[in-house]
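Single-structure report; data block below.
As a basis for the values below, the full set of heavy atoms in this structure was taken, side chains included, without hydrogen atoms, waters or symmetry mates.
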Amino acid sequence: MTAVKLGAIAGILFDKDGTLLDYDQSWLPVNRELARIAAQDDPILADHLLSSCGMDPISGHIVPDSLLAAGNTRQISEGLVAAGSKVDVAELVEKLDALFAHAADFSSPVTDLAAFFRRLRERGYKLGVASSDNERSIRQTARRFGFIDYLDYIAGYDSGFGTKPEPGMVLGFYAATGLSPAQVAVVGDNNHDLHMGRNAGVGLTVGVLTGTGSRETLTAASDYCLNDITELEGLLMPVAQSA
């Protein structure tokens, strides 16, 4: 059955943070800054906010599937306020969206993303990115690392397709590419990504270990759990050969 799934795949929808970008290198400093903003420069409150949203303020460890691991900007902002931030949710959303867009300039890719996406495109795949980040940040990341021209589809939490783990972002990918559910693989580093794929009926879900999830937390919802996205190239065959 798995071989049939692999042979049918003609499109790949990637998560961004923890999947295309190394989570720890890219986001731990950003998380500390968002806590500073939400705490209005109170270091004790900032540490409390980090802990409440899923990050150990000392070690930097992120709890899998926590708010900081999988939430979108509004969810994180609401969680920060619930944990004690005195900043208004709407103001936090605006400030954090700007922070996340700026963070694209300092992100660390897990591989040469321009070359990686070019190779997948040359093998015939339709490609997209669906992230809990905002669409502006996704586009800045794609431009910075040179793969935006290889994308058929981009969806952020604010793009109108709903949020993870709802199926809307994947349904949008079907519509944009003309592919059927059985032809699509969803790749991500946490269960919000994988459950989104399963809720949309995709043919394949693939977990990667460059983010906040572990092999233990991702196995139940993934058909494969890979060390990183580069292992996809050995897993999937060219689209022309899979018809």
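In this structure, the separation between CG on D193 and CG on D15 is 4.0 Å, given to the nearest 0.5 Å.
The aromatic ring centres of Y150 and F117 sit 6.0 Å or more apart. Aromatic rings of Y153 and F161 (six-membered ring for Trp) have centroids within the 6.0 Å cut-off, being under it.
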*Report the C-alpha distance between V208 and N227 in whole Å, list the side-chain angles of each, state the deciding distance to 0.1 Å, and finish with yes or no for side chain to side chain contact (heavy atoms under 4.5 Å, CB included).*
CA-CA 5 Å; V208 291; N227 289 315; over 6 Å; no

*Can you check side-chain hydrogen bond (donor to acceptor under 3.5 Å, both in side chains) on D133 and S137, steps first, answer last?*
CA-CA 7 Å; D133 202 353; S137 180; 2.7 Å; yes

*Using the side-chain hydrogen bond (donor to acceptor under 3.5 Å, both in side chains) rule, take D228 and T210 through it: C-alpha gap first, then chi angles, then the decisive distance, then the call.*
CA-CA 6 Å; D228 60 55; T210 45; over 6 Å; no

_M169 and K164: CA distance, side-chain angles, deciding distance, side chain to side chain contact (heavy atoms under 4.5 Å, CB included) verdict_ = CA-CA 8 Å; M169 292 184 185; K164 301 178 182 181; 4.1 Å; yes

*Mind running side chain to side chain contact (heavy atoms under 4.5 Å, CB included) on I37 and V87 for me, showing each step along the way?*
CA-CA 9 Å; I37 292 170; V87 183; 5.7 Å; no

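Judged by distance alone, with hydrogens and angles left aside, the side-chain atoms of D158 form a donor-acceptor pair with the main-chain N or O of E135 at under 3.5 Å. Counting only distance, with no hydrogens or angles, the side chain of R36 and the backbone of D41 share no donor-acceptor pair below 3.5 Å. Looking at S26, its side chain never comes within 3.5 Å of a backbone N or O of S107 through a donor-acceptor pair.
Side-chain heavy atoms closer than 4.5 Å link hydrophobic residues (I, L, V, M, F, W, Y) into clusters, and following such links, possibly through other members, connects V30 to L80. Residues I229 and L204 share a single hydrophobic cluster, defined by chaining ILVMFWY side chains whose heavy atoms lie under 4.5 Å apart.
Inter-residue side-chain proximity for D22 and P109 is flagged as unmet; no heavy-atom pair is nearer than 4.5 Å. Looking at heavy atoms from C-beta onward, Y174 lies out of side-chain contact with S180 at the 4.5 angstrom threshold. When side chains are defined from C-beta on, L120 counts as touching F14, because their heavy atoms get closer than 4.5 Å.
With 3.5 Å as the limit, one finds no donor-acceptor pair spanning the side chains of Y125 and D152. Looking only at atom types and distance, the side chain of D65 has a donor-acceptor partner in the side chain of N191 under 3.5 Å away.
Within the hydrophobic cluster formed by Ile, Leu, Val, Met, Phe, Trp and Tyr side chains joined at under 4.5 Å, directly or through other members, L218 is accompanied by L194, L209.
Taking the six-membered ring where the residue is Trp, W27 and Y23 present parallel rings, their angle staying beneath 30° rather than reaching 60°.
Among all heavy-atom pairs drawn from A70 and S132, the shortest one is O-OG, 3.4 Å. Contact detail for L171 and A200: the closest heavy-atom pair is CD2-CB, 4.3 Å.
Counting non-hydrogen atoms of other residues, nucleotides and ligands closer than 6.0 Å to CD of E94 gives a total of 12 or fewer. Within 6.0 Å of CG in D149 there are 12 or fewer heavy atoms belonging to other residues, nucleotides or ligands.
D88 has no carboxylate O lying under 4.0 Å from a charged side-chain N of K95, or vice versa, which leaves the two without a salt bridge.
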